[in-house]
2 protein chains.
Amino acid sequence: MAYRKTPSVQGRLDAAREQLVDSATAVVAEAGWSGASVTVVAAAAGMSVGSVYQHFPSKSALAVEVFRRASGREVRVLSEVLAHGTGDPLERLAHGVEVFARRALENRGLAHALLAAPADAAVGRERLEYRRRYRAAFARVVREGVAEGLLPSQDADVTAAALTGAIGEVLVDPLAGPGEDAAGALVAELLAMSLRCAGAPPPAPAARPACPSDDEGLR
Amino acid sequence: MAYRKTPSVQGRLDAAREQLVDSATAVVAEAGWSGASVTVVAAAAGMSVGSVYQHFPSKSALAVEVFRRASGREVRVLSEVLAHGTGDPLERLAHGVEVFARRALENRGLAHALLAAPADAAVGRERLEYRRRYRAAFARVVREGVAEGLLPSQDADVTAAALTGAIGEVLVDPLAGPGEDAAGALVAELLAMSLRCAGAPPPAPAARPACPSDDEGLR
DNA sequence: CGAAGGTCTGAACGGTGGTTCACTTCTTCG
DNA sequence: CGAAGAAGTGAACCACCGTTCAGACCTTCG
């Protein structure tokens with residue numbers, strides 16, 4: 001034998017793979033799945049088409065990896081907030097919705113690709129799986145809220161599905177357009193809606209003890 | 001001239017076009033947009049590939065027609081119930097959600113194709129438009145509810161988007177599997193969730209004004 | 001009937017885009 | 001250095017699918 005894989009080579013290989021996945025993610029966020037042809041992705045990663053197939057057996061496999069990484073990040077963040085955040089279940093739910101929505105709004109392209117954009121079959125299957133995880137995370141905190149008497153008895157899975165769908169729907173459409181300041185208001189509304197959806201007691205009408213956030217017309 | 005289009009010929013033509021759209025709809029409901037190649041659709045309609053192009057200038061145009069017809073039916077039914085049904089806005093909202101969900105569950109394949117399945121760009125654009133209509137219909141009744149003091153002040157568009165998204169999400173996944181009886185329970189839960197989402201007063205606890213909201217541990 | 005002018009057919013075409021592979025370039029180690 | 005063998009390249013390949021078109025077949029009316 002006159003050649004063996006040395007650590008530096010392996011490092012370069014790993015880095016190239018990383019670079020490939022990152023570039024592909026950027027392309028997907030920018031141009032959607034349909035715009036992410038092997039040719040384009042390879043070019044973005046600064047490698048040849050053939051090299052792509054050194055790292056992944058097929059375009060589908062690469063797409064799935066891209067999806068998993070990005071979705072994995074989001075699920076992790078959301079779960080963390082919902083499960084191990086501070087405050088009672090309601091506060092955590094509120095915080096979770098806000099974080100989820102804010103992150104999505106900050107990277108609309110990627111969010112759209114992950115949540116809604118047309119994708120090939122393999123990615124579609126993965127998407128179902130990850131939606132299930134979003135829902136599981138929401139469902140858990142809803143169940144906790146019910147158990148603690150903060151929320152009315154309900155089917156937590158349906159509520160969780162609704163939250164996932166609702167947030168996705170609100171985000172998919174240019175409801176807020178490219179606006180940045182509108183995003184804040186949108187998130188606030190989304191949050192209020194989410195709490196109602198889970199059956200949290202209404203904040204304002206009950207009594208306004210210490211909530212000075214009345215609509216003072218500030219756009 | 002020695003030939004002019006006679007009514008019977010025109011009738012045959014129209015019938016063929018109808019047949020084509022219906023068959024295409026069936027194929028889409030069964031196999032999704034990706035399974036609806038021109039070849040397959042033509043075969044299903046009992047005509048040759050070439051004839052398809054006598055009725056539509058392109059595959060996209062046919063797909064859009066299929067989408068419009070099916071979605072148009074749903075929007076019409078939903079709007080009718082929401083806008084001109086009986087009862088106050090809350091009752092109409094409840095009824096609307098139920099009708100929407102029940103119809104979708106009765107034809108999951110088509111519902112999925114209309115609401116969620118990957119489709120080509122033209123259909124995607126159309127989908128955005130129709131989602132807007134669903135939302136407009138929901139938003140209207142929510143606004144009425146707010147105006148009549150039945151619902152708390154809120155951004156009706158966000159709530160409407162949430163309802164659309166929530167129902168879609170609940171339907172997309174095999175939450176209820178192929179079950180028939182489970183559908184009833186699912187619709188009931190969906191309905192309760194929708195009312196909460198819009199901020200309708202809780203049904204059971206409200207009825208007991210004397211603050212008897214004790215958690216009696218029921219499940 | 002038969003000429004005129006439709007409708008209908010399906011094999012062939014062309015564009016797109018994933019995949020391959022013969023070849024070049026680089027790295028390792030005796 | 002130079003043999004061995006991996007990494008890297010990109011033009012060619014191929015499968016798929018929407019679209020076309022030359023000809024077959026049908027309907028109308030003088």
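By convention in this document, chain letters (A, B, ...) are assigned in the order of the sequence lines, proteins followed by strands, and residues within each chain are numbered from 1. Treat the numbers as computed from the prediction; the structure is a model and nothing was measured.
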Counting primed atoms, P, OP1 and OP2 as sugar-phosphate and everything else as base, the B/S/- map of nucleotides 8-18 of chain D against protein heavy atoms under 4.0 Å is BBB-------S

Side chain to side chain contact (heavy atoms under 4.5 Å, CB included) between B/Q154 and A/M193, worked out | CA-CA 8 Å; B/Q154 63 192 280; A/M193 186 282 297; 5.9 Å; no

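A straight line from CZ of A/R17 to P of D/dA7 spans 14 Å, rounded to a whole angstrom. With rounding to whole Å, B/L20 atom CG is found 15 Å from C/dT7 atom C1'. Spacing between atom CD of B/Q10 and atom C1' of D/dT27 amounts to 14 Å, rounded to whole angstrom units.
Looking at heavy atoms from C-beta onward, B/V38 lies out of side-chain contact with B/F56 at the 4.5 angstrom threshold. With contacts defined as side-chain heavy-atom distances shorter than 4.5 Å, the pair B/Y134/B/L163 does not qualify. Between B/M47 and B/L20 the shortest side-chain heavy-atom distance falls below 4.5 Å.
In this structure, B/E30 places its CD atom where only 12 or fewer heavy-atom neighbours from other residues, nucleotides or ligands lie under 6.0 Å away. The neighbour count for A/R68 CZ, taken as heavy atoms of other residues, nucleotides or ligands under 6.0 Å away, does not exceed 12.
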Distance-only donor-acceptor pairs under 3.5 Å for side chains of residues 73-81 of chain B, two or more places apart:
| from | atom 1 | to | atom 2 | distance (Å) |
| --- | --- | --- | --- | --- |
| B/E74 | OE1 | B/R103 | NE | 2.8 |
| B/E74 | OE2 | B/R103 | NE | 3.4 |
| B/E74 | OE2 | B/R103 | NH2 | 2.9 |
| B/S79 | OG | B/V75 | O | 2.8 |

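Counting only N and O atoms by type, the side chains of B/R133 and B/S71 include no donor and acceptor under 3.5 Å apart.
Between the axis at the start and the axis at the end of the helix from C/dC1-D/dG30 to C/dG30-D/dC1 there is an angle of 10°, using five pairs per end and rounding to 10 degrees.
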